[in-house]
Amino acid sequence: MSVKRAAFITLHACPLAAPGQGKSGGMNVYVRQLAAALGDLEMQIDIFTREHADVANRIETIGPNVRVIHIRAGEPEAHVGELYAHLPEFLGQLNAFREEERLEYDVVHSHYWLSSWVGRELSQAMGVPHVVTFHTLGLIKMQSRAGEVEPAERPVVEAEVMATADRIIAFSPHERDAMARLYGADASKVSLVPCGVDLSLFRPLDQNSVRARLGLNGEKILLYVGRIEPLKGLELLVETAAQMDSEESVRVVVVGADANGDREMDRVKRLAKERDLEDQIDFVGQVDHNELPLYYNAADVCVVPSYYESFGLVALESMACGTPVVAARVGGLSTIIHHGRTGYLKSWRCPEAFANSVEMIISSDGLQQSMGEAARKRAEGMGWDNVAAMIWNEYAVLTGEPVEGDN
Ligand code: UDP
């Protein structure tokens, strides 16, 4: 059988939602870009997501061979925390739509634990393989930072799906090992396929012109990009700025909106005030994904202070723009960043150590430039076309299609 059609299930992460606000982030970008790159390989991808508050069209074609289909389950405004109860309804509505339209798929690929429940049921009903990408895992999240609470059902569903899925996609060896250690997953069913980056969007640009466009001057710029939520560890960025002992004046630019009201944003702003850094930190809010290359290029260093990142797309986007990254040595970040070559990985959440690494980079034009060049070079091997080819191979193996390298 040849692999032609895949159903993507992404219950709460609609690929049309703007990333960097609410619950919309790396997973939304991943689903959209992977689907587009598979579409370019002539696969037909239908992305099933839940109907949410601002849906313009129930069915939307977003590129060659790729459609987004909104399925009604629960109130459009429902919070992600309430969605477990609506899974059977989502599955029922999806199946009704599929039967009405006489849609068949060769493979089901689900994203995140909630969708993985739907993916398992759907793939079993259709008798086709189930591929799952968890994006984050509940047990790792809870172990990463005190205070992280996840629904009791989450680790149960994750373990059940790991046991029944035909293939599990992990972003890094760290994630694969955690699946085996914490959930008893069979590691031979896990394939390592990293996230990708849009290399034509995220590319090096002239720093002076982008700074002029953004109204930034000649100060050294530290950049943070991402949703503002406790797991992102922004307090460490503020403390790092407070520790800096640079000859040069330093500005911190924070891009992204609060994931939950303004609670975390207010906490970070309060800390900045306590450290007397109010005038040195700009909170610019959510920025359109297509505008982000301006920020990465304006920055001297991108800082990723997270407690946990299953992958860390922001680090890869920054590298693709030729901007070195100083990041916590957690999850997928250690597979993206080459310590000492494309930036620095810090094993301890210690502001002095982060400040020291940032200073090393900003105090040496030579080091900043060579790290930036190495970063871009590393990112060049991680375009979405490469990622899609790897995922296509996974589908092909499961459906009995000959894959490259077969005799
Ligand atoms: N992002 C964006 N605009 C913003 C902030 C973030 O487009 O204002 C995007 C960013 O480019 C990246 C994603 O949101 O692609 C965040 O992904 P990451 O894997 O770093 O974090 P996650 O959101 O998955 O925790």
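Keep in mind the model is a prediction, meaning the values are calculated, not measured. Residues: numbered from 1 along the sequence shown.
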Listed partners of Tyr395 passing ring pair (Phe, Tyr, Trp, His ring centres under 6.0 Å), at least two apart |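 Testing Tyr395 for ring pair (Phe, Tyr, Trp, His ring centres under 6.0 Å), a comparison that skips the adjacent residues, returns His109.
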Taking only residues two or more places apart in sequence, or in another chain, which ones meet His289 in a ring pair (Phe, Tyr, Trp, His ring centres under 6.0 Å)?
->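 Result, ring pair (Phe, Tyr, Trp, His ring centres under 6.0 Å) vs His289: Phe202.
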With a 4.5 Å heavy-atom cut-off, do [X] and [Y] have their side chains touching?
| X | Y | answer |
| --- | --- | --- |
| Asp279 | Leu277 | no |
| Tyr112 | Leu11 | no |
| Arg58 | Arg72 | no |
| Glu359 | Met244 | yes |
| Lys23 | Asn28 | no |
| Thr61 | Val66 | no |

Is a side-chain donor or acceptor of [X] paired with a backbone partner of [Y] at a separation under 3.5 angstrom?
| X | Y | result |
| --- | --- | --- |
| Lys189 | Ala163 | yes |
| Asn297 | Leu205 | yes |
| Asn65 | Gln44 | no |
| Thr323 | Tyr296 | yes |
| Ser364 | Leu367 | yes |
| Arg251 | Glu219 | no |
| Asp166 | His130 | yes |
| Arg378 | Glu373 | no |
| Ser318 | Ala315 | no |
| Asp198 | Leu201 | yes |

Determine whether the aromatic ring centres of residues [Y] and [X] are separated by less than 6.0 angstrom.
| X | Y | result |
| --- | --- | --- |
| His52 | His70 | yes |
| Trp113 | Tyr84 | yes |
| Trp384 | Tyr30 | yes |

Set of salt bridge (charged side-chain N to carboxylate O under 4.0 Å, His left out) partners for [X], sequence neighbours left out:
| X | value |
| --- | --- |
| Glu352 | none |
| Asp40 | none |
| Glu121 | none |
| Arg275 | Glu239 |

Report yes or no: do [X] and [Y] form a side-chain donor-acceptor pair below 3.5 Å?
| X | Y | value |
| --- | --- | --- |
| Asn208 | Arg211 | no |
| Ser24 | Gln21 | no |
| Asn260 | Glu229 | no |
| Glu175 | Ser310 | no |

Assign the ring pair Tyr308 / His174 to parallel, tilted or perpendicular, where the plane angle (0 to 90°) is split at 30° and 60°.
->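 Tilted, since the angle between the ring planes falls between 30° and 60°.
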Which residues pass the side-chain hydrogen bond (donor to acceptor under 3.5 Å, both in side chains) test with [X], not counting sequence neighbours?
| X | value |
| --- | --- |
| Ser209 | Asp206 |
| Asp186 | Ser188 |
| His86 | Glu89 |
| Ser347 | Arg329 |

Contact summary for [X] and [Y], nearest pair of heavy atoms:
| X | Y | value |
| --- | --- | --- |
| Val314 | Val225 | CG2-O, 3.3 Å |
| Pro305 | Ala328 | C-CB, 4.4 Å |
| Ala185 | Met162 | CB-SD, 3.7 Å |
| Glu394 | Ile169 | CG-CD1, 4.1 Å |
| Gln243 | Ala355 | CB-CB, 3.8 Å |
| Ser110 | Ser115 | CB-O, 3.5 Å |

Does CD in Glu380 sit with more than 12 non-hydrogen atoms of other residues, nucleotides or ligands closer than 6.0 Å?
->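 Enclosed.
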Of all pairs that satisfy ring-ring contact (aromatic ring centres under 6.0 Å, His included), the ones with a partner from residues 309-337, not counting sequence neighbours | Phe171-Phe311
Full working for ring-ring contact (aromatic ring centres under 6.0 Å, His included) between Tyr344 and His339 = CA-CA 5 Å; Tyr344 293 109; His339 179 68; 5.6 Å; yes
Donor-acceptor contacts, no H, no angles, side chain residues 143-152, under 3.5 Å, sequence neighbours left out:
{"residue": "Ser144", "atom": "OG", "partner": "Ile140", "partner atom": "O", "Å": "2.6"}
{"residue": "Arg145", "atom": "NH1", "partner": "Glu148", "partner atom": "OE2", "Å": "2.9"}
{"residue": "Glu150", "atom": "OE1", "partner": "Arg154", "partner atom": "NH1", "Å": "2.8"}
{"residue": "Glu150", "atom": "OE2", "partner": "Lys141", "partner atom": "NZ", "Å": "3.2"}

